[in-house]
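Notes to accompany the following structure.
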Amino acid sequence: MTTSMSRPVEAAHVLDTCDRNDVYAAACPCREMLDLLANKWTALAIGVLEDGPQRFGELRRQLQGVSPKVLSASLKRMEDAGLVTRTVFAEVPPRVEYALTPLGEGAAAPLAHLRDWVNENVTRH
């Protein structure tokens, strides 16, 4: 019997492998994506990028409170995960833009619902 609080134990289940997408399995690659998407700066950056490609400085201005180091690391993780593209334009000075990929666009809708829920349900104390 499976409930929302427990997972079935399979005799052949090995903790260090994941042969299907099961976010509850310790070694499932889904967990890396879930960890990335659950990060506040990722969720907020995806929201900003829904409006179209943005330069680093534009993203930083809109994401109040993020340090350049943290934003840079977040964008790198998002790029590595296939959520954003980084385009460098051969100009002087160089111009770099970040944009959502189709995968990032797919993540945008559920994250928008989460941001909306937070805005509607979390009050200031």
Side-chain angles (χ1 to χ4, degrees):
M1 180 174 160
T2 302
T3 67
S4 62
M5 298 300 290
S6 65
R7 304 287 299 157
V9 178
E10 298 173 8
H13 186 278
V14 179
L15 289 178
D16 62 348
T17 63
C18 182
D19 58 355
R20 67 186 201 295
N21 288 343
D22 179 2
V23 76
Y24 295 100
C28 186
C30 297
R31 283 200 178 178
E32 290 180 36
M33 182 63 80
L34 180 61
D35 179 57
L36 179 58
L37 292 173
N39 177 280
K40 73 177 173 184
W41 297 120
T42 299
L44 294 172
I46 287 175
V48 170
L49 291 170
E50 283 183 277
D51 294 333
Q54 301 283 322
R55 295 177 71 173
F56 184 87
E58 295 167 334
L59 281 165
R60 189 163 165 242
R61 275 189 293 281
Q62 292 186 61
L63 299 175
Q64 297 176 15
V66 68
S67 71
K69 181 179 177 179
V70 169
L71 179 56
S72 181
S74 296
L75 289 168
K76 176 69 174 136
R77 282 185 70 201
M78 293 168 62
E79 183 181 11
D80 290 346
L83 296 170
V84 300
T85 58
R86 179 181 185 268
T87 304
V88 179
F89 295 90
E91 300 174 357
V92 178
R95 178 170 55 104
V96 177
E97 286 186 348
Y98 296 88
L100 291 177
T101 63
L103 184 64
E105 290 171 358
L111 289 173
H113 289 295
L114 179 60
R115 290 189 309 271
D116 290 345
W117 182 89
V118 169
N119 279 330
E120 293 170 7
N121 292 285
V122 176
T123 59
R124 295 181 191 181
H125 296 271

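Numbering starts at 1 and runs along the sequence shown.
In this structure, OG1 on Thr42 lies 9.5 Å from CG on Leu71, to the nearest 0.5 angstrom. In this structure, CG on Asp51 lies 7.0 Å from CD on Gln62, to the nearest 0.5 angstrom. Considering CG of Leu75 and CD of Gln54, their distance stands at 11.0 Å, rounded to 0.5 Å. The OG atom of Ser74 sits 10.0 Å away from atom NZ of Lys40, with the distance rounded to the nearest 0.5 Å.
Contact of the Leu59 side chain with the Leu49 side chain is registered, since non-hydrogen atoms from C-beta on lie closer than 4.5 Å. With a 4.5 Å cut-off on side-chain heavy atoms, Met33 and Leu83 count as touching.
Nearest heavy-atom pair across Met78 and Leu36 is CA-CD2, 4.1 Å. Nearest heavy atom pair, residue Gly104 against residue Ile46, reads O-CG2, 4.1 Å. Considering all non-hydrogen atoms of both residues, Ala81 and Leu103 come closest at O-CD2, 3.6 Å. Here the shortest heavy-atom pairing between Ala43 and Leu37 reads CB-O, 4.1 Å. Between Arg115 and Glu50 the shortest heavy-atom distance is NH2-OE1, 2.9 Å. Nearest approach of Gly106 to Pro110, heavy atoms of both residues: O-CD, 3.3 Å.
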Between Lys76 and Asp80, does a salt bridge (Lys or Arg N to Asp or Glu O under 4.0 Å) hold up when you go through it step by step? CA-CA 6 Å; Lys76 176 69 174 136; Asp80 290 346; 3.0 Å; yes

List the steps and the verdict of side chain to side chain contact (heavy atoms under 4.5 Å, CB included) for Val48 and Arg61. CA-CA 11 Å; Val48 170; Arg61 275 189 293 281; over 6 Å; no

Quick one: do Trp41 and Leu63 satisfy side chain to side chain contact (heavy atoms under 4.5 Å, CB included)? Show the steps, please. CA-CA 8 Å; Trp41 297 120; Leu63 299 175; 4.1 Å; yes

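Residues Phe89 and Phe56 fall into different hydrophobic clusters, defined by Ile, Leu, Val, Met, Phe, Trp and Tyr side chains chained together at heavy-atom separations under 4.5 Å.
For Glu58, the CD atom counts as densely surrounded, since its 6.0 Å shell holds more than 12 non-hydrogen atoms of other residues, nucleotides or ligands. Counting heavy atoms of neighbouring residues, nucleotides and ligands inside a 6.0 Å radius, atom CD of Gln64 does not exceed 12 of them.
In this structure a side-chain-to-backbone donor-acceptor pair under 3.5 Å is missing from Arg55 to Arg95.
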